[in-house]
Amino acid sequence: MLIDSHCHLDRLDLSPYNGSLDAALDAARARGVGKFLCIGVDASNAPTVQALAEQYQDVFCSVGVHPLDLKDSAQTDLDWLLNALAHPRTVAIGETGLDYHYQPELAEQQRESFAVHLQAAKLTGKPVVIHTRAARADTLALLREAQLPNAGVLHCFTEDWDMARAALDMGYYISLSGIVTFRNADALRDVARQVPADRLLVETDSPYLAPIPHRGKPNEPQFVRDVAAFLAELRGVSEQALWQQTGDNFHRLFPLTAG
């Protein structure tokens with residue numbers, strides 16, 4: 001099956017489906033998408049993504065605090081995070097990480113929050129979903145310090161091969177989104193060709209970053225099929241082989257989704 005390893009189902013533009021999330025998911029299922037990982041971004045939407053994972057058998061979720069969703073100077077609360085992670089359909093931590101592109105002034109606060117998420121990963125064994133932008137050195141330093149046994153994934157990867165290789169060496173996976181299809185993404189395509197087959201995931205990050213030929217429109221889970229088709233051609237494999245490999249990788253990284 002094809003899996004959308006990172007989507008924000010609670011933020012989709014459902015106007016093409018008359019407001020129906022069921023219809024949007026059915027459109028994705030009709031194109032071969034068999035599972036969805038719905039991502040949490042802060043404490044307020046954790047109950048929402050968990051409710052979606054309870055409602056749909058093929059939806060799982062993560063909980064965490066996005067580095068751009070930190071409120072004022074409030075610290076991410078470890079007790080809250082551990083309690084939320086106990087939910088049976090919550091298979092991952094995050095998304096978390098560092099983003100110095102948009103909020104460099106909050107770098108220290110972001111690092112503190114990221115460290116809390118990594119501590120939760122150590123305590124629970126659940127993998128982390130990592131957002132990183134313009135923060136390569138600090139992201140890698142914190143990951144090296146954490147030495148997580150089950151690692152996680154650098155989602156919507158946009159950095160260079162040196163960073164990808166460093167993360168891969170620590171056991172992390174690399175997930176590629178529609179950005180890899182963009183005309184100005186030659187450097188990212190070079191990375192996409194080199195990621196080992198057993199460490200590759202595909203995602204939409206919907207409703208953001210719709211791939212070509214849908215660029216400029218709101219993204220949605222069914223468009224992971226377009227990302228996968230592009231990557232299959234780029235890597236010189238069949239679409240079915242890429243579906244199978246990335247699906248196997250997803251279940252290995254997030255074992256609670258298997259079966």
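This is a predicted model, so every value here is computed, not measured.
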Consider only side-chain heavy atoms of I, L, V, M, F, W and Y, link residues closer than 4.5 Å, and tell whether [X] and [Y] are in one cluster.
{"X": "L242", "Y": "V180", "value": "yes"}
{"X": "V202", "Y": "V129", "value": "no"}
{"X": "L68", "Y": "Y208", "value": "no"}

From [X] [atom1] over to [Y] [atom2], what is the distance, rounded to the nearest 0.5 angstrom?
{"X": "Q109", "Y": "L98", "atom1": "CD", "atom2": "CG", "value": "11.5 Å"}
{"X": "L81", "Y": "L123", "atom1": "CG", "atom2": "CG", "value": "9.5 Å"}
{"X": "L176", "Y": "C156", "atom1": "CG", "atom2": "SG", "value": "8.5 Å"}
{"X": "D162", "Y": "L140", "atom1": "CG", "atom2": "CG", "value": "10.0 Å"}
{"X": "R199", "Y": "I174", "atom1": "CZ", "atom2": "CD1", "value": "9.0 Å"}
{"X": "F250", "Y": "S175", "atom1": "CZ", "atom2": "OG", "value": "9.5 Å"}

Under 3.5 Å, is there a donor-acceptor pair between the side chain of [X] and the main chain of [Y]?
{"X": "D10", "Y": "V49", "result": "no"}
{"X": "K35", "Y": "M1", "result": "no"}
{"X": "S62", "Y": "G94", "result": "yes"}
{"X": "H87", "Y": "R89", "result": "yes"}
{"X": "Q110", "Y": "L70", "result": "no"}
{"X": "R165", "Y": "D160", "result": "no"}
{"X": "D42", "Y": "N45", "result": "yes"}
{"X": "N150", "Y": "P127", "result": "no"}
{"X": "R133", "Y": "H101", "result": "no"}
{"X": "S113", "Y": "T76", "result": "no"}

So does [X] have more than 12 non-hydrogen atoms from other groups sitting under 6.0 Å from [atom1]?
{"X": "N18", "atom1": "CG", "result": "no"}
{"X": "E54", "atom1": "CD", "result": "yes"}
{"X": "E108", "atom1": "CD", "result": "no"}

Closest contact, heavy atoms only, [X] versus [Y]:
{"X": "P196", "Y": "L168", "result": "CD-CD1, 3.7 Å"}
{"X": "F223", "Y": "N219", "result": "CD1-OD1, 3.2 Å"}
{"X": "M163", "Y": "E159", "result": "SD-CG, 3.4 Å"}
{"X": "P221", "Y": "D4", "result": "CA-OD2, 3.5 Å"}

[X] vs [Y] side-chain heavy atoms within contact, under 4.5 Å:
{"X": "D13", "Y": "P207", "answer": "no"}
{"X": "T90", "Y": "Q50", "answer": "yes"}
{"X": "V237", "Y": "Q245", "answer": "no"}
{"X": "V128", "Y": "F114", "answer": "no"}

Taking NZ, NE, NH1 and NH2 as the nitrogens, is one of them in D198 or R252 under 4.0 Å from a carboxylate oxygen of the other? no
Consider only side-chain N and O atoms of E220 and T204, and report whether a donor and an acceptor are under 3.5 Å apart.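 Side-chain D/A pair, E220 to T204: absent.
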